[in-house]
Amino acid sequence: MSRAEKMVALTQAVRGVFNRLKALGDELHGDLDVTTAMRAVMETLSDAGPMTVPQIAKLKGVTRQHIQLLADALVEGGLASVKENPAHRRSSLITLTDKGRRAFAKMRARETPLIEALAAEFEAPELERATVVLTRLMARIDARLKAEAT
């Protein structure tokens, strides 16, 4: 199998894992009225603190419009709020509310046993190597996208 064929197999596996993680997240958190995409934004806000929609979009590698829809849904559900941004008048900060922090803590608590069970099925070096490879792949794709945008 050529390197290109191996890359195709890797990207197919990544898509398959992504889709299954989404389905698992939707099943695990379906009663919370939070989609897996909304959960991802909540995770970013929980880990990084208040951010603008463009900042979240850049970090996630998706469009600003996509993140805006998710942020609007979080605000509508009382899980996030919009705050004035002292650094930029037109780009408000999105932050988790107390309700959002509690909901996200509940999600993480639900996920922990599942993550631990999945992790136990792999050797630590396998997980480390997979993380290194996927992180490098993401960086290469980001560099290509940046080069094409200029």
For a quick test of reading the model, state the closest non-hydrogen atom pair linking [X] to [Y] and the distance between them.
X: T95; Y: P50; result: OG1-CG, 3.6 Å
X: G78; Y: T97; result: O-OG1, 2.6 Å
X: V53; Y: A71; result: CG2-CB, 4.2 Å
X: V62; Y: H66; result: CG2-CD2, 3.8 Å

Problem set entry | Salt-bridge present (K146, D142; N to O < 4.0 Å) | no
Hphob cluster co-occupancy, [X] + [Y], side-chain heavy atoms under 4.5 angstrom:
X: I141; Y: L10; value: yes
X: V41; Y: V75; value: yes
X: F18; Y: I115; value: no
X: L137; Y: V8; value: no
X: L127; Y: V133; value: no

Distance from [X] atom [atom1] to [Y] atom [atom2], nearest 0.5 Å?
X: K83; Y: I94; atom1: NZ; atom2: CD1; result: 10.5 Å
X: M38; Y: T36; atom1: CE; atom2: OG1; result: 10.5 Å
X: L74; Y: L45; atom1: CG; atom2: CG; result: 7.5 Å

For this session: Could you walk me through whether D98 and R102 pass salt bridge (Lys or Arg N to Asp or Glu O under 4.0 Å), step by step?
Result: CA-CA 6 Å; D98 288 340; R102 285 191 306 273; 5.0 Å; no
Exercise. Which residue, N19, L21, V14, forms the side-chain contact (heavy atoms from CB on, under 4.5 Å) with V17?
Worked result: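 Running side-chain contact (heavy atoms from CB on, under 4.5 Å) over N19, L21, V14 with V17 returns exactly one hit, L21.
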For this session: For R129, check side-chain hydrogen bond (donor to acceptor under 3.5 Å, both in side chains) against everything at least two apart and list the hits.
Result: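 For R129, no residue satisfies side-chain hydrogen bond (donor to acceptor under 3.5 Å, both in side chains) once neighbours in sequence are set aside.
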Problem set entry | Non-neighbouring partners of K60 that pass side-chain hydrogen bond (donor to acceptor under 3.5 Å, both in side chains), sequence neighbours left out |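 side-chain hydrogen bond (donor to acceptor under 3.5 Å, both in side chains) check on K60 returns T44.
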Exercise. Side chains of T11 and M7: does their closest heavy-atom pair fall under 4.5 Å?
Worked result: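 A side-chain contact under 4.5 Å exists here.
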For this session: May I ask you to test the L93-V82 pair for a side-chain heavy-atom distance under 4.5 Å?
Result: no
Looking at [X] and [Y], would you say the former's side chain and the latter's main chain have a donor-acceptor pair under 3.5 Å?
X: S92; Y: N85; value: no
X: S46; Y: M42; value: no
X: R136; Y: V132; value: no
X: R101; Y: L96; value: yes

For this session: Not counting sequence neighbours, list each pair that qualifies as a side-chain hydrogen bond (donor to acceptor under 3.5 Å, both in side chains) and has a residue in residues 105-128.
Result: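 Every side-chain hydrogen bond (donor to acceptor under 3.5 Å, both in side chains) pair that includes a residue of residues 105-128, provided the two are not neighbours, is H29-E111, D31-R110, R39-E111, E43-R108, D47-R108.
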Exercise. Does Q65 CD have over 12 foreign heavy atoms under 6.0 Å away?
Worked result: yes
